[in-house]
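Have a look at the structure below, then the notes.
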Amino acid sequence: MVEGSANVARAATAVGARLVHVSTDVVFDGRKGCPYDEGDAPSPCTAYGHAKADAEARVGDIAPGALIVRTSLIVGGPGHEP
């Protein structure tokens, strides 16, 4: 996941395209006590969350103009880790 995201960021940068990187709110552990915003540092508590946070960081380093969009629970439900 991380290296694939980095490859897409490199390809987008090479052709001058603006990248929209889809991530997840699972980059947060939910312990803040109030809503998170884009300025909050990731604090993942699952392997998936760590991988998504690492992918966001790589994309940001490679393509600083990329939009990183964090969605909330696209697939799954109670008892199903993404």
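Side chains are part of it too, since the values below use all heavy atoms of this structure and drop only hydrogens, waters and symmetry mates. Please read all numbers here as calculations on a predicted model, not as lab measurements.
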Closest non-hydrogen atom pair between Ala53 and Val27, with its separation: N-CG1, 3.7 Å
Can you find a heavy atom in the side chain of Lys52 that is under 4.5 Å from one in the side chain of Pro44? no
Asp40 side chain vs Asp37 backbone, donor-acceptor pair below 3.5 Å: yes
Minimum heavy-atom distance between Ala66 and Val59, given as atom pair plus value: CB-CG1, 3.8 Å
Under 3.5 Å, side chain of Arg10 to main-chain N/O of Ile62, donor-acceptor pair present? no
Quick check: closest heavy atoms across Pro42 and Glu56, and the distance to 0.1 Å? CG-OE1, 4.4 Å
When rounded to the nearest 0.5 angstrom, what is the spacing between CG in Leu19 and OG in Ser5? 8.5 Å
Taking all non-hydrogen atoms of both residues, which atom of Ala6 and which atom of Arg58 are closest, and how far apart? CB-NH2, 3.4 Å
Look at the side chain of Thr24 and the backbone N and O of Ser72, then say whether any donor-acceptor pair between them is shorter than 3.5 Å. no
Does Arg70 come within less than 4.0 Å of Glu38, counting only side-chain N to carboxylate O? no
I'd like to know if the side chain of Tyr36 and the backbone of Gly30 have a donor-acceptor N/O pair within less than 3.5 Å. yes
